[in-house]
Amino acid sequence: MSKLRITEIFHSLQGESATVGWRTVFVRLTGCPLRCGYCDTTYAFKGGEWFDIADIVARVATFEAHYVTVTGGEPLAQSNCLGLLTALCDAGYHVSLETSGAIDIAPVDRRVVRVMDLKTPGSGEEARNRYDNIESLLSHDQVKFVITDEADYQWSREQLRTHQLDARCEVLFSPAEGMLRPSELAGWILRDRLNVRFQLQLHKILWGNEPGR
Ligand code: SF4
């Protein structure tokens, strides 16, 4: 049986990435091997319930949405996540995966949009970045930086340049909530003329940090 440990399956508006604002079903897998200082989903580290892949796909269908995001925790920490992603693609959804960048993304179904973090020094988990993942990125994927301060911004700008990330795919710069004023980050991006997409988390503006939103 292909089972996965799931923290929650819920329906909301996509708060981040290129599909922001679309009605989306979120499948949140339990567990994460990282401990980022700003993590807002620590409730997904433990617990959860076991579901068969077929049951997850059936539950997703009840929401009648076109978009599905598989998130965590770190979804790829459960090997059966790969089968779930393929099953959701086969069912006809636009599927995205939110991943920390610490686990190999190459085996993920190529139909999936991979939204991959590069962890900044301010996250406390920079050492977990798997830079060879960059070679696996396709043009429909996205690389995301959550930026906590000016030093993180400078580090992210350097990664952008060194790996020519904006030539590979869309790059997202997001201020860490409560740590960096959004207007400050916006000003730096404009000053330095970076070809990145600034983003605020729509779901937090609408609902704060409520789980299941
Ligand atoms: S990778 Fe994501 S879920 Fe894991 S600790 Fe970092 S922010 Fe939290």
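Both counts, for ligands and for their atoms, begin at 1 and track the order of listing. In this chain, residues are counted from 1 in sequence order.
The aromatic rings of H94 and Y67 lie parallel to each other, their planes meeting at an angle below 30°, with 60° marking the opposite boundary. Taking the six-membered ring for Trp and thresholds of 30 and 60 degrees, F145 and W155 have ring planes more than 60 degrees apart, a perpendicular arrangement.
Set against the non-hydrogen atoms of G73, the atoms of ligand 1 under 4.0 Å away are 3 (S).
Looking at residues two or more places apart in sequence or on another chain, you find a side-chain hydrogen bond (donor to acceptor under 3.5 Å, both in side chains) between D90 and R111.
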Tabulate below the donor-acceptor pairs under 3.5 Å that side-chain atoms of residues 17-25 make, not counting sequence neighbours, or state none.
unit_1: R23; atom_1: NH1; unit_2: H11; atom_2: NE2; d: 2.7
unit_1: R23; atom_1: NH1; unit_2: F63; atom_2: O; d: 3.0
unit_1: R23; atom_1: NH2; unit_2: E64; atom_2: O; d: 2.5
unit_1: T24; atom_1: OG1; unit_2: W22; atom_2: O; d: 2.9

Sequence neighbours excluded and cut-off under 3.5 Å, please list the side-chain donor-acceptor pairs for residues 36-44, or say none.
unit_1: D40; atom_1: OD2; unit_2: K204; atom_2: NZ; d: 2.4
unit_1: Y43; atom_1: OH; unit_2: E8; atom_2: OE2; d: 2.8
unit_1: Y43; atom_1: OH; unit_2: R28; atom_2: NE; d: 3.2
unit_1: Y43; atom_1: OH; unit_2: R28; atom_2: NH2; d: 3.4

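Around atom 6 (Fe) of ligand 1, protein N, O or S atoms at less than 2.8 Å comprise C36 SG.
Remark: the E74 side chain and the T99 side chain contain an N/O donor-acceptor pair separated by less than 3.5 Å.
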